[in-house]
Enquirer: 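Dropping a structure here in structure tokens format, bear with me for questions.
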Amino acid sequence: LSLGGIVIYVTLPLRPKIRSMRREFIYPHRSVRSFPVSPLRVSAALGMAFVLSAAVYYSGTWLLETHDRISWFILKYTGIPTAEDRTIGIFPDFGPVHIKDVPHPDDLARPLHTGILFALALSVLILSHRKFPLARNFLVFLMILLCASAVVVLFVPSFHFDAVVYSQIWLRGEILVWLLLPWVSGLLFVMTLPSIGRGFLWSVLIELYVVVWSALRLAFCLGVLHYTGILFLPLLWFVLGILFDLVVVLFFYSLALHQSINRTIGGRRP
Amino acid sequence: VTVLILASKICLGFTIVVLTAYAVRHYLFALYRISLTKSHDMMELVGFTAPSVTVLVPMHNEEKVAAHVLQALVDCDYDWGRLEILAVDDRSADRTGEIIDQFASKYPIVKAIHRSTGPGGKGAALRIASAQARGEILLLFDADYVPGRSMIKFLVAPFCDPEVGAVMGRVVPDNGGATLLAGLLELERSAGYQIGQQARFNLNLTPQFGGTVGGVRSSVLKDIGGWNSGSLTEDTDLTFRLLMRGWKVAYVNRAECYEEAPETWQVRSRQIHRWATGHTECFHDFWKAWIKGKFVTAGERIDGLFVLACYLTAPVLVLGWLASLILFFAPQAHQTAVFLVALPFVGYQLFGNQATFLELGSAALLDCNRRRVLLLPLSLLNFFASTGAICQALVNFYFGGIFRSGPHHWHKTVRYRDAEGSVYRSGENGESASKLFARNPNGVYVSR
């Protein structure tokens, strides 16, 4: 090359470099494979968990009110009427928040209607029990819940739920999940997945998703309350409550692992 | 009502403490295993001469799989002068005895033992076979296992350490694609071996001898009184007797052997019944002696108690659920929200065979098991199913004697292979495995 009188000689290889027949490394057998958890990773996971928990702690009341607004919006959008606000405390450090009441039928005033609903729901569970062998014990658990619920609703008049009390129980559980979740995410996503960055991303997205998803589930439960009374509420709390949060976390964990394993198989030595 | 609420709170608190202890243990195992840097001590083989080996294969009505395991063992890369295969036809009513005789007449290293009377069960069959074995090392394989060619060498290697009394290899289901249950069990087995057993071995805790894909020193077996033919889990029984006499159990993660996982829930349920009953029997037999054992280290002592009591966590969890149900319907239910949150977060993590989902995920990551890992959320079904089956088994164990007397019944695990040539019925792994064996015109199974 000639640049303003300066001549530069560049030597190019005449033949391309012959690729060795040997592998660059012997990919380790799975019995000895490992992903070292370095102090940096542990610090990153703990730091992320601390920051996210602190964010939930300091914005707790705002999160709860936002949660309530989303639920209320869904109820309004689906045509379920809401009564006026009531102010309730969640925990000493969270709340008070304004929660809307939802009118619902009185189960004790119409025992036949409640009985028919109970029989229908039990029939569906029994049919599912016969159809899905792997889910049998889970369905038995639901049947026990439903029966206990029916007994309490029909024969213990002092037991009474309304939308506000139910929302209070729901939010007390959920706020604890939101506080605990960053530590679980730190362990599952940041500490053990090959990419720390993706781990952060998953953790933050799951935290946001869990809040919105909880509002959707609560709206669904309140909708059921509006149409059928309190018969199904305990069952819904046990199934769609914290257990469902865990299933959601597991679902995202499996997706994150699915992606990571793809990258690992791509040839990067752990 | 006040007493009931108080009792429920105590019960729920106890459940959470127990489950948290187990969850922490499994979290530590998972974190330790994925960041594993310690090499295997048993890999130093200088000056080690290959010992004589007897392979014991007890079979009861195994005509579908008998030929496959015997052919795979004959094909193993080990000096035939030091190898003996004892195939035990344990009161079979099908063609198992005929297949064994066929192999015995063709290969001098295969010896047939026919047993038509006596008590049933694997322990009883092993007791008779061990008395006739001549090898220094006794290796064990169940009839549905297909060992690879290096398997015997892998399993024998740890015996170069004179303190090792027994060795255990890794069990890998080969029919994970057959049904949802088989896929979930593949994840569970992966966690149990890749994470649990490996971490326990490297941390000098209590890796378990699993009764198949493993071996024991012949002299040591005699020293501790042989197999317990009355136990439903003769492997757990042997593990604790070995450890209490100062012997070590080694785990070899590289010694992978393929097996058939149960494909239907009925079969799986019977398997869990047997394990839970036998294991809990061992808990009652050993826990006092284990606490006092003079050869047992502090770590082994604590971990051993966790292992012995592992099936008891299922009824504890159910009691916790019932307590949480009572508290939910009790006045001021929302006061207990803290406990009710903690319960699922620690309880629901102990899926299936006592593995947290971190353990399941980490094992899938290490195994690069990309396809099965998507089944992880469905582990919840397996967890409920296993918990129910364990509770049934334990109710039967503790209260069954009121209605029934005599020894426990040994339920044979159903096999799914097609005896007429193809090894597996379905599944992506099965298709490749079916290329291993075929029947020749004389009706003998040979490697393809």
Side-chain angles (χ1 to χ4, degrees), chain A residues 29-38 91 132-141 144-145 148-149 152 156 158-159 165 168-169 172-174 176-177 180 184 187-188 191-194 234 237-238 241-243 245-251 253-258 260-262 264-265 270, chain B residues 27 30-31 33-37 39-40 170 180-181 184 194 198 252-256 264-266 321-322 324-325 328-329 331 333-334 337-338 340-345 348-349 357-358 361-362 364-370 373-382 384-389:
Chain A
H29 185 262
R30 61 181 176 180
S31 59
V32 290
R33 227 174 264 162
S34 62
F35 295 92
V37 182
S38 62
F91 283 117
F132 307 108
L134 190 58
R136 271 181 191 159
N137 285 324
F138 180 63
L139 291 164
V140 167
F141 168 62
I144 292 170
L145 268 173
S149 188
V152 171
V156 185
S158 60
F159 178 78
V165 173
Q168 188 185 30
I169 294 173
R172 283 191 173 188
E174 286 298 322
L176 290 172
V177 170
L180 186 65
V184 176
L187 192 62
L188 295 182
M191 218 185 275
T192 57
L193 289 187
W237 190 83
F238 272 92
I242 298 154
L243 175 60
D245 283 321
L246 190 79
V247 174
V248 168
V249 173
L250 270 183
F251 173 71
Y253 182 47
S254 67
L255 281 184
L257 281 171
H258 188 70
S260 302
I261 290 170
N262 193 24
T264 313
I265 287 175
Chain B
Y27 275 138
L31 287 175
R33 173 62 189 93
I34 55 172
S35 57
L36 181 76
T37 49
S39 62
H40 295 202
R170 181 178 171 183
L180 171 64
L181 178 64
L184 292 172
Q194 176 73 285
Q198 183 69 76
V252 189
N253 206 20
R254 183 67 183 83
E256 293 177 0
T264 62
W265 174 242
Q266 285 78 6
W321 276 336
L322 292 176
S324 68
L325 200 60
F328 187 84
F329 288 115
H334 37 280
V338 179
L340 295 176
V341 168
L343 178 65
F345 258 91
Y348 298 147
Q349 290 173 32
F357 58 79
L358 174 68
S362 303
L365 191 67
L366 293 173
D367 282 349
C368 290
N369 197 348
R370 189 163 181 255
V373 79
L374 290 174
L375 297 177
L376 202 56
L378 295 175
S379 297
L380 197 67
L381 293 176
N382 194 20
F384 274 106
S386 301
T387 304

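Worth saying up front: this structure is predicted, and the values here are computed from it rather than measured. Per chain, numbering begins at 1; letters A, B, ... match sequence-line order.
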Enquirer: To the nearest 0.5 Å, tell me how far A:L243 CG sits from A:F141 CZ.
Expert: 7.5 Å
Enquirer: List the residues meeting side-chain hydrogen bond (donor to acceptor under 3.5 Å, both in side chains) with B:N369, not counting sequence neighbours, and say none if there are none.
Expert: B:E186
Enquirer: Whether the side chain of A:R33 engages the backbone of B:L366 through a donor-acceptor N/O pair (distance < 3.5 Å, no angle test) should be reported.
Expert: yes
Enquirer: Could you give the distance from CG (A:L250) to CG (A:L188), rounded to the nearest 0.5 Å?
Expert: 8.0 Å
Enquirer: Given heavy-atom pairs under 4.5 angstrom as the criterion, report whether the side chain, backbone, both or neither of B:A30 touches chain A.
Expert: neither
Enquirer: Please answer whether the main-chain N or O of B:R254 pairs with a side-chain N or O of B:R170 as donor and acceptor at a distance below 3.5 Å.
Expert: no
Enquirer: Using non-hydrogen atoms and a 4.5 Å limit, figure out which bit of A:L187 sits close to chain B: side chain, backbone, both or neither.
Expert: both
Enquirer: Using non-hydrogen atoms and a 4.5 Å limit, figure out which bit of A:V152 sits close to chain B: side chain, backbone, both or neither.
Expert: side chain
Enquirer: Heavy-atom cut-off 4.5 Å, strictly under: side chain, backbone, both or neither for A:S149 against chain B?
Expert: both
Enquirer: When only pairs under 4.5 Å are counted, which of B:L180, B:L184, B:L31 shares the most heavy-atom pairs with chain A?
Expert: B:L31
